[in-house]
Protein chains: 2
Amino acid sequence: MQNKQAKYIELGELLLQQILRGHYPLSALLPTEKELCAQHGISRHTAREGLRYIERIGLVERRQGAGTRVIRTNLPEQINQFTQSVQELLEFGQQTRFSIDVCQLLITDKDEMSRLKFSHPREYIYLAGVRSEVHDKKPICYSSIQQFRYHTDLYAKDLDKKTALKQMMHLLSSSNIGRVEQEFTACLLTSDMAQKLNDQAHSAGMRVVRKYFSKQGELVLLAESIYPAHRYRYINVLTPASKKL
Amino acid sequence: MQNKQAKYIELGELLLQQILRGHYPLSALLPTEKELCAQHGISRHTAREGLRYIERIGLVERRQGAGTRVIRTNLPEQINQFTQSVQELLEFGQQTRFSIDVCQLLITDKDEMSRLKFSHPREYIYLAGVRSEVHDKKPICYSSIQQFRYHTDLYAKDLDKKTALKQMMHLLSSSNIGRVEQEFTACLLTSDMAQKLNDQAHSAGMRVVRKYFSKQGELVLLAESIYPAHRYRYINVLTPASKKL
DNA sequence: TAGTGGTCTAGACCACTAT
DNA sequence: TAGTGGTCTAGACCACTAG
């Protein structure tokens with residue numbers, strides 16, 4: 001039994017593919033809402049939702065009276081990033097290698113509790129190590145991960161790296177994650193960190209802290225990664241928050 | 001004659017304010033769509049658009065069957081950033097001071113043209129200097145700005161700093177800007193740059209490149225700013241791009 | 001199983017843009 | 001002024017979640 005997609009998503013995906021494949025080049029106008037209604041036998045509301053779908057991605061720009069215009073023909077990195085940021089951790093066992101330095105079962109201290117707005121202490125698995133490419137073993141970043149207890153009984157008492165990783169896969173898979181918050185700051189690589197990352201001491205680094213929340217809104221995982229500056233850039237598109245704000 | 005707001009924006013703003021003011025605390029459920037319809041005498045479509053308004057801002061999370069839940073009670077920095085990123089340049093003459101080192105009229109070279117995807121060369125005003133706080137004169141960042149010729153006849157031939165700044169205000173004001181693209185990378189501060197920023201040489205910096213596009217989709221301004229690491233952080237919320245992608 | 005949000009239709013009028 | 005997208009109504013059925 002196939003999961004049937006909503007009509008507006010079908011339309012959105014169609015337009016998306018057409019734009020990516022050059023059917024509508026940069027600055028081209030897409031069909032009007034009325035035309036899309038006629039072409040696909042859908043209501044105007046559905047056509048609008050389809051257009052909103054690609055507008056949200058940032059491929060087109062809509063202007064009252066002027067039509068829907070293509071403003072880029074490739075996917076902004078930003079859009080992939082939700083998937084990517086989740087995928088990144090899932091890839092720890094796949095495209096990238098995660099050699100774990102530290103693997104411990106800990107409890108949040110007072111400082112962390114206030115920082116994370118926890119009302120009660122929570123247990124977590126702490127993992128830290130270097131993530132590197134599989135093929136040439138070049139270091140990508142150093143990651144410290146706090147994996148919070150989710151279902152109380154899932155963690156074995158004897159904690160080893162393999163179980164911890166497996167646990168993380170489980171947490172992040174099956175579309176558990178509802179949203180991700182990220183924070184970027186620049187930093188210097190300490191000698192220690194630089195050595196681990198196979199880079200020069202005192203060179204620039206990007207520090208990325210990501211918080212993964214479940215669909216129920218609970219913090220399930222916190223990852224801090226330090227990248228050598230040349231290994232990381234972040235790109236973003238801002239649009240006016242309609243009318244006000 | 002007041003510009004009457006759309007009903008869904010009225011609703012969105014109302015809910016927004018209620019959340020900011022603590023009427024709906026963290027994790028609280030908002031009224032259901034049906035209730036909002038009844039309370040405000042609006043159709044369900046309008047109620048949904050109102051809810052979408054605050055969902056887009058990132059204040060609530062909606063789940064089929066479960067309701068609309070508050071996931072944060074303050075405005076994410078991200079949301080202000082479109083306004084902020086435009087405002088930042090407008091503030092050059094106001095809250096912050098921009099002491100201009102360089103002010104020139106230039107033309108894009110081949111390298112820039114390919115980088116910016118221009119088919120023809122374009123003239124621009126080049127401005128560079130330190131932006132600093134007005135009250136304590138502490139440096140905020142070093143900015144280089146390329147301000148592209150927009151209306152051919154607007155620039156006086158004798159270019160001085162005052163006209164250039166005035167021109168920039170004009171470009172960015174009156175809601176000309178339709179979108180902003182930004183890119184973040186970490187870097188080291190050169191001795192020269194560090195001196196200008198009143199910081200230590202070889203300390204970490206954040207490099208932010210922002211491209212400002214007009215509502216017609218034309219690149220009107222490009223700004224590169226270098227911040228001392230401790231002066232800048234970027235925060236972001238990612239949500240799954242509905243269903244697919 | 002009751003109630004929520006998600007999708008969809010078929011209309012209507014309005015505000016804006018281009019020419 | 002013609003045609004576009006923006007807002008809005010009043011319905012309908014479906015998919016999901018929680019108790």
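Basis for what follows: all heavy atoms, side chains included, without hydrogens, waters or symmetry-related copies. Quick note on labels: first sequence line is chain A, next is B, and so on, each numbered from 1.
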- prompt: Salt bridge check: are A:Arg62 and A:Glu55 linked by an N-O gap of less than 4.0 Å?
  reply: no

field: Separation of atom CD in A:Gln64 from atom P in C:dC16, rounded to whole Å
entry: 6 Å

Nearest-nucleotide 5' precedence on DNA chain C, B:Ala66 against A:Ala47: B:Ala66

query: A:His45 NE2 to C:dC8 C1': how many Å, rounded?
result: 6 Å

field: Spacing between A:Glu49 atom CD and C:dT7 atom C1', to the nearest angstrom
entry: 9 Å

field: Distance, rounded to the nearest Å, where A:Arg69 contributes CZ and D:dT4 contributes P
entry: 14 Å

message: Output the rounded distance in Å from CD1 (A:Ile9) to C1' (C:dG6).
response: 10 Å

task: Using whole Å, report how far CG of B:Leu29 lies from C1' of C:dG5.
output: 12 Å

message: Applying the Watson-Crick and G-U wobble criteria at under 3.5 Å, what pairs with D:dT9? Answer none if nothing qualifies.
response: C:dA10

message: For a quick check of understanding: with a heavy-atom distance under 4.0 Å over all strands, which category does A:Leu51 fall into, base, sugar-phosphate or nothing?
response: nothing

- request: Report yes if a side-chain nitrogen or oxygen of A:Arg62 is closer than 4.0 Å to either non-bridging phosphate oxygen (OP1 or OP2) of D:dG6; otherwise report no.
  value: yes

Any strand: nucleotide that pairs with D:dA18 via Watson-Crick or wobble, under 3.5 Å: C:dT1

message: Just so I know, are the side chains of B:Ile145 and B:Phe98 near enough to count as touching, which here means a heavy-atom distance under 4.5 Å?
response: yes

statement: Whole-Å distance, B:Ile42 CD1 to D:dG11 C1', equals 16 Å

- prompt: Is there a side-chain contact between B:Leu221 and B:Gln146 (heavy atoms, below 4.5 Å)?
  reply: no

task: Return the value, rounded to whole Å, for the distance between atom NZ of A:Lys34 and atom P of D:dA2.
output: 13 Å

query: Is the phosphate of D:dG5, meaning OP1 or OP2, less than 4.0 Å from a side-chain N or O of A:Arg48?
result: no

- prompt: Taking only N and O in the side chain of B:Arg63, is any of them less than 4.0 Å away from OP1 or OP2 of C:dG6?
  reply: no

Close side-chain approach of A:Leu15 to A:Leu51, heavy-atom, < 4.5 Å: yes

query: Are B:Thr46 and D:dT9 close enough that a side-chain N or O sits under 4.0 Å from OP1 or OP2?
result: yes

Phosphate contact (C:dG5 OP1 or OP2) by B:Thr68 side-chain N/O below 4.0 Å: yes

query: For B:Arg44 and D:dG11, is the shortest distance between a side-chain N/O and OP1 or OP2 below 4.0 Å?
result: no

task: Using heavy atoms to find the nearest nucleotide of DNA chain C for A:Lys7 and A:Gly65 separately, return the residue whose nucleotide is more 5′.
output: A:Lys7

field: Ring centroid separation B:Phe148 to B:Tyr212 under 6.0 Å
entry: no

